[in-house]
Each structure stands twice: as C-alpha cells, then as structure tokens.
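Let me begin by presenting the structure, written as structure tokens, before commenting on it.
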Amino acid sequence: MSEAQTALVIGAGIVGVNVGLVLQQQGFDVTIVDRNEPGMGTSFGNAGGLAVTECAPISMPGTLLKVPGWLMDPYGPLTLRWSYLPRMVPWLLRFAAAGRKHRVEQIASELVAILDRVWDDYTPLIRDAGLADAVFREGALAVYRSTQSRRASDYNIDLRRRNGVRVTDVTREQIAEMEPGLAPIFACGVVEEDWGRVLDPYKIVLGFEKLFRERGGIYQKAEIVDFIWRDGKPRAAVARGGDQIVFDKLVVACGAWSKNLAGKLGSPVPLDTERGYNTTVPYHGATLNRTVISADDSIVLTPMEMGIRVGGAVELGGLTAAPNYKRARALFAKGQQVLPALSDQGGTDWMGFRPSMPDSKPVISTSPLHDNVAFAFGHGHLGLTMGATTGQLVAALISGNPAPIDMTPYRIDRF
Ligand SMILES: Cc1cc2nc3c(=O)[nH]c(=O)nc-3n(C[C@H](O)[C@H](O)[C@H](O)COP(=O)(O)OP(=O)(O)OC[C@H]3O[C@@H](n4cnc5c(N)ncnc54)[C@H](O)[C@@H]3O)c2cc1C
C-alpha cells in the first residue's frame, strides 16, 4: 500500500480486537469503535475455554428429541422464553436442518478447519500482549456419571476423533487422581488433550486492546447506527448523535448485535442468541486443576484468577429480556454436586449473549454486495477460541490476499 488505507472495526469484543490487530499488521490505519468500553460484551464473562476440541455442532442427530425433556426440567440445559418463540421459529427450523447427520459431518470438518489453526494464530499474539502467564494449554476433563451416559456421547466423541481431535478415555481412578476435589460420583471421563484455558477472558481482551493501541490503533467509544453511501459503497459509519467515521474498509464484529448492522449493509442474516449464565465464586479452599465439564449436567467449571466459574446451558430468549439469575443459581447448585467444596459466598452471577448461527458456524465473510465490507460474528460457543484465527481470515479477505482455508462455508449468504 502506498498510502495507508483506513479500516473501521465495529465491536471491541475478542473478535473485534483480534481483527483490529491483524489489520494493523497488514498496514491499515485501524479504528475500533464500541458503544461500551472494550471487552464488556459477551467476551467479558465466558468460561475461558480455548475449546479447540469442540468441533461438534450444537444441533446434533437426536438433539431435537431431547428438547421436550430439557424444557420440562427447571435445572435442565435448555430454557425458552415462550414469548420469544414465534420470533425464533425460522432460526429453529434451520437449527433442526443443521442437525441431520450428513450436515453434522460436514459442519464438523468446516469447524475443524478453523479450530486447527487456533493455537498457531493465538500464540504470537499472546506473547506480544504479555499474556503468556494467563493462558494454559493443559487439556480439559469431561466426566460422566455412568458408562451409559458416556456411551450416549459415542457419536460425538467418534465425530471428533475422526476429525483429528485428541480425546483420551480415563477411568474413575484416573479422575480421582487428576481432580481430587471432585465428588466420587463419576464412573468415567475423557481428556480433551488440546483444550486451553485463560485466567480471565476479560483481561485477554484488555491485553489485546492495549497492544492494539500501543501499535498505533485507535479505540473510540461510539454506537454505530447507520452508514453513508458514496458511489454505491458504504463509506462512513454514523454514530448515535450524528458523528460520522469515514473508512476505506469496514468490518462488522458486533457479536450477537450484528444482525441489525448487517441488514443495513444489505445482508440479512439468521443470527440469534443463545443466552448463557454462570457464577464465579472465590476459591474458599475448593481446588480444581483444570477445566472440568460435567457432561450429564451440561456445566463447565473453570479455575480462574478470581475464583471458580461455574456455568453453561442455553436460554433462548433474544437480546432484550432481563436476565433470570435463577438459571445461574440452578447451574451453581449442580456445580456443588460436582465439586462439593464450592461455597457460594461472595459469588458473582453473569449472563452473556452467545452470537449464534443455526449451523454453529461463524460468519467470516466479505459482503456479497460491497467489496470494502466484511463480517466477523456468529461464533456462538466458540468466540474466544476462534478470535485470533478469525482475525487472520478477515484480514486476508479484506486485503484481497488468498485465505489459508476455503472460506465458502462461512459466507454470510450461505442460508
Ligand atoms: C456462558 C458463556 C460461556 C462461554 N464460554 C466460552 C468458552 O469457554 N470459550 C469460547 O470460545 N467461547 C465461549 N463463549 C462464547 C464467547 O463468549 C462469544 O462467542 C464471544 O465472546 C463473542 O465475541 P464477540 O467479539 O463476537 O462479541 P462481544 O464480546 O459481544 O463483542 C461485541 C461488541 O460489539 C459492541 N457493539 C454491538 N453493537 C454495536 C454498535 N451498534 N456500535 C458499536 N458497538 C457495538 C458491543 O458493545 C460488544 O462490546 C461463551 C459464552 C457464554 C455466554
């Protein structure tokens, strides 16, 4: 580039800051805007998993048959805000279609194409941001209360193994050795060898955002509400209040809130949200050496800097309904069965909006209409995991360089 082009990234979550960092490396003058301070969206309070082993989509063969039972169970992994159901029907139909076996096989391989790159893409950034002490590549332990429930995961685990994911079976005795703090209620488990964990996902965003600014990037607080077109192309973003930010290239990385802006740019997209809850409690003597997934309870327990985070599950209810922290309480009660030393003294509840596409794949795509616009959202349960790789892929698309993988599966107009 003879003269640096400007790039505007909307959204300062884990995806937006990664996109900003890589665009900077490509020579763009980058501004990231967010209506809040960086990292205060869904990236703030997630489970901190670099879940490179999770290539199985959320919609799997048999998932729909389980839904009625889940909905009847107040402690179950899925809840629905019934008033939101009519608005969610088109998403749910696509979700159901994505769960057919041949689609699941295809989606898994398309997720693996991204997940396989995660450690290589994150490692240099983590080092440059001075975050090496805040990230561990130590594996996660998934535990099952019975051999029957382990067998119920056979297809899921086989799918992952066939896609090159290292999953190792462990016995009751090995679980006790690895995690002596767990209740002795688990019959068997698996170790997901390449899973990683961060000490605090919020601090990861802050560390990357600081690096971005140290390298000359600009963060600006503004809510983008519209765009201005010149010569048939979007050329400026309009902030609430009327300010305009001119750009050569634009990336929409607003997580669960991306649908509206994508629509304004001419790309309607079936993005919705899977709301998730957790509670983080100080250690108070409880011990946990690594991330533990209790498969029968659909909860994840993560040892973090500030304590142990217990949560997971999915609530379908859109972006505006108030949180129902009874969900977090229910998940925490399950967590206490798994790790009996957990005390809820001093705990903090949180809810986040997973940005979810019905087929569990992110949108990492140029606009079919405007060659100066790209989209990076819809990472669902895997936004922290896929952040750095999304940055690399978007930067390739925006710069017109060849992407390292086939980008067709992640196109915004795939539905
Ligand atoms: C309970 C739970 C557990 C999870 N655990 C994991 C995990 O272990 N591993 C994993 O990989 N993922 C996990 N996830 C998913 C992960 O947190 C998300 O996929 C990820 O945070 C999405 O990042 P993002 O940058 O796309 O969105 P966000 O972090 O939500 O950032 C989007 C930003 O866009 C801004 N924005 C929105 N609209 C506008 C606008 N109009 N103008 C300006 N700014 C705007 C928002 O303020 C926000 O800061 C979990 C999610 C939940 C809820």
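- Two residues are said to be in side-chain contact when any heavy atoms from C-beta on lie closer than 4.5 Å; Leu125 and Gln25 meet this criterion.
- Using a 30° and 60° split on the angle between ring planes, Phe375 and Phe377 fall in the perpendicular class, above 60°.
- Taken from CG in Leu250 to CG in Leu8, the straight-line distance is 5.5 Å, to the nearest 0.5 Å.
- Listed here is the closest heavy atom pair of Gly13 and Asp34: N-OD2, 4.3 Å.
- Counting heavy atoms from C-beta on, the side chains of Asp248 and Asn372 never come closer than 4.5 Å.
- Donor-acceptor pairing under 3.5 Å is lacking for the side chains of Thr53 and Asp194.
- In summary, the side chains of Tyr219 and Glu209 do not present any donor paired with an acceptor at a separation below 3.5 Å, with no hydrogens or angles considered.
- In this structure the side chain of Ser43 never reaches within 4.5 angstrom of the side chain of Pro201, judged on heavy atoms.
- Not a single donor-acceptor pair under 3.5 Å links the side chain of Ser258 to the backbone N or O of Ala253.
- Taking the ring axis of Tyr84 as reference, the NZ or CZ atom of Arg87 does not stay both within 45° of it and closer than 6.0 Å to the ring centre.
- Residues Val238 and Ile224 are not in side-chain contact: their nearest non-hydrogen atoms beyond the backbone lie 4.5 Å or more apart.
- In terms of modelled atom types and a separation under 3.5 Å, the side chain of Ser267 and the main chain of Gly263 share no donor-acceptor contact.
- Around the CZ atom of Arg414, the shell of radius 6.0 Å holds more than 12 heavy atoms that belong to other residues, nucleotides or ligands.
- Ring geometry for Tyr202 against Phe44 counts as tilted: the plane angle lies between 30° and 60°, on a 0 to 90° scale.
- Side-chain atoms of Ser360 come within 3.5 Å of backbone atoms of Ile58 as a donor-acceptor pair (strictly under, hydrogens ignored).
- In the displayed structure, Asp133 atom CG is contacted under 6.0 Å by at most 12 heavy atoms of other residues, nucleotides or ligands.
- The pair Arg166-Glu192 does not meet the salt-bridge criterion, since no charged nitrogen lies less than 4.0 angstrom from a carboxylate oxygen.
- Residues Val143 and Ile175 are in side-chain contact: their nearest non-hydrogen atoms beyond the backbone lie under 4.5 Å apart.
- Closest approach of Leu115 to Ala51, counting heavy atoms only: CD2-O, 4.1 Å.
- The nearest pair of heavy atoms linking Pro61 to Val104 is CD-CG2, 3.7 Å.
- A cation-pi contact links Arg197 to Phe136, judged by a cut-off of 6.0 Å to the six-membered ring centre and 45° from its axis.
- Expressed to the nearest 0.5 Å, how far CE of Met88 lies from CG of Leu93 amounts to 11.0 Å.
- Atom CZ of Phe212 and atom CD of Gln24 lie 5.0 Å apart (nearest 0.5 Å).
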### Message
Using the rule given for side-chain hydrogen bond (donor to acceptor under 3.5 Å, both in side chains), can you reason through Thr6 versus Asp29, listing the C-alpha separation, both sets of side-chain angles and the distance that settles it, and then say yes or no?
### Response
CA-CA 5 Å; Thr6 58; Asp29 278 342; over 6 Å; no
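- Looking at heavy atoms from C-beta onward, Ile10 lies out of side-chain contact with Phe247 at the 4.5 angstrom threshold.
- Remark: the backbone N or O of Ser356 is paired with a side-chain donor or acceptor of Trp91 at under 3.5 angstrom.
- One distance of note links CH2 of Trp82 with CG of Leu71; it measures 5.0 Å at 0.5 Å rounding.
- Checked by atom type and distance alone, the side chain of Thr31 never pairs as donor or acceptor with a backbone atom of Gln220 at under 3.5 Å.
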### Task
Just do the side chain to side chain contact (heavy atoms under 4.5 Å, CB included) check on Thr279 and Arg309 with the steps written out, would you?
CA-CA 6 Å; Thr279 303; Arg309 182 162 288 170; over 6 Å; no
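- By the 4.0 Å N-to-carboxylate-O rule, Arg161 lies close enough to Asp169 to be salt-bridged with it.
- Atom CG of Leu64 sits about 11.0 Å away from atom CZ of Arg100, to the nearest 0.5 Å.
- For the pair Tyr410 (side chain) and Glu110 (backbone), a donor-acceptor distance under 3.5 Å is present.
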### Message
Checking Thr63 against Trp70 for the side chain to side chain contact (heavy atoms under 4.5 Å, CB included) test, could you report, in this order, the C-alpha distance in whole Å, the side-chain angles of both residues, the deciding distance, and whether it holds?
### Response
CA-CA 10 Å; Thr63 299; Trp70 286 340; 4.0 Å; yes
#### Entry: Test log, rule side-chain hydrogen bond (donor to acceptor under 3.5 Å, both in side chains), inputs Thr168 and Glu193
CA-CA 7 Å; Thr168 310; Glu193 308 280 355; 2.4 Å; yes
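- The 12-atom threshold is exceeded at NZ of Lys221, counting heavy atoms of other residues, nucleotides or ligands nearer than 6.0 Å.
- Asp73 places no side-chain N or O within donor-acceptor distance of the main-chain N or O of Gly69, the cut-off being under 3.5 Å.
- Between Asp272 and Lys259 there is no salt bridge, since no side-chain nitrogen of the basic residue lies less than 4.0 Å from a carboxylate oxygen of the acidic one.
- Side chain to side chain, Gln392 and Thr389 fail the donor-acceptor criterion of an N or O pair below 3.5 Å.
- Judged by distance alone, the side chain of Thr302 and the main-chain N or O of Ala47 form a donor-acceptor pair under 3.5 Å.
- Between Thr280 and Met306 there is a side-chain heavy-atom pair separated by less than 4.5 Å.
- The structure places CG of Asn18 at 4.5 Å from OH of Tyr122, a figure rounded to the nearest 0.5 Å.
- Judged by distance alone, the side chains of Gln26 and Ser399 do bring a donor and an acceptor atom under 3.5 Å apart.
- The existence of a salt bridge linking Arg290 and Glu138 is excluded, since no basic side-chain nitrogen approaches an acidic carboxylate oxygen closer than 4.0 Å.
- Screening Thr291, Leu382, Val198 against Leu50 for a side chain to side chain contact (heavy atoms under 4.5 Å, CB included) leaves a single residue, Val198.
- Salt bridge status for Arg327 with Asp349: absent, with no side-chain N to carboxylate O gap under 4.0 Å.
- Heavy atoms of other residues, nucleotides or ligands lying less than 6.0 angstrom from CD of Glu214 number more than 12.
- The minimum heavy-atom distance linking Val314 with Leu316 is given by the pair CG1-CD2, 3.8 Å.
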### Query
Does the pair Val15 and His379 meet the rule for a side chain to side chain contact (heavy atoms under 4.5 Å, CB included), with working shown?
CA-CA 9 Å; Val15 173; His379 295 74; 3.8 Å; yes
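- With Tyr283 contributing its side chain and Met304 its backbone, the two residues share a donor-acceptor pair below 3.5 Å.
- Nearest approach of Ala321 to Arg81, heavy atoms of both residues: CB-NH1, 3.3 Å.
- Look at Glu274 and Arg354 and you find no salt bridge, because none of the NZ, NE, NH1 or NH2 atoms lies under 4.0 Å from a carboxylate O.
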### Task
For side chain to side chain contact (heavy atoms under 4.5 Å, CB included), just list the numbers for Asp359 and Phe95, CA-CA rounded to whole Å, side-chain angles, deciding distance to a tenth of an Å, and then say yes or no.
CA-CA 6 Å; Asp359 58 2; Phe95 180 81; over 6 Å; no
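- Contact detail for Arg275 and Ala322: the closest heavy-atom pair is NH2-O, 3.2 Å.
- For the pair Arg411 (side chain) and Thr408 (backbone), a donor-acceptor distance under 3.5 Å is absent.
- Between Leu265 and Leu369 the shortest side-chain heavy-atom distance does not fall below 4.5 Å.
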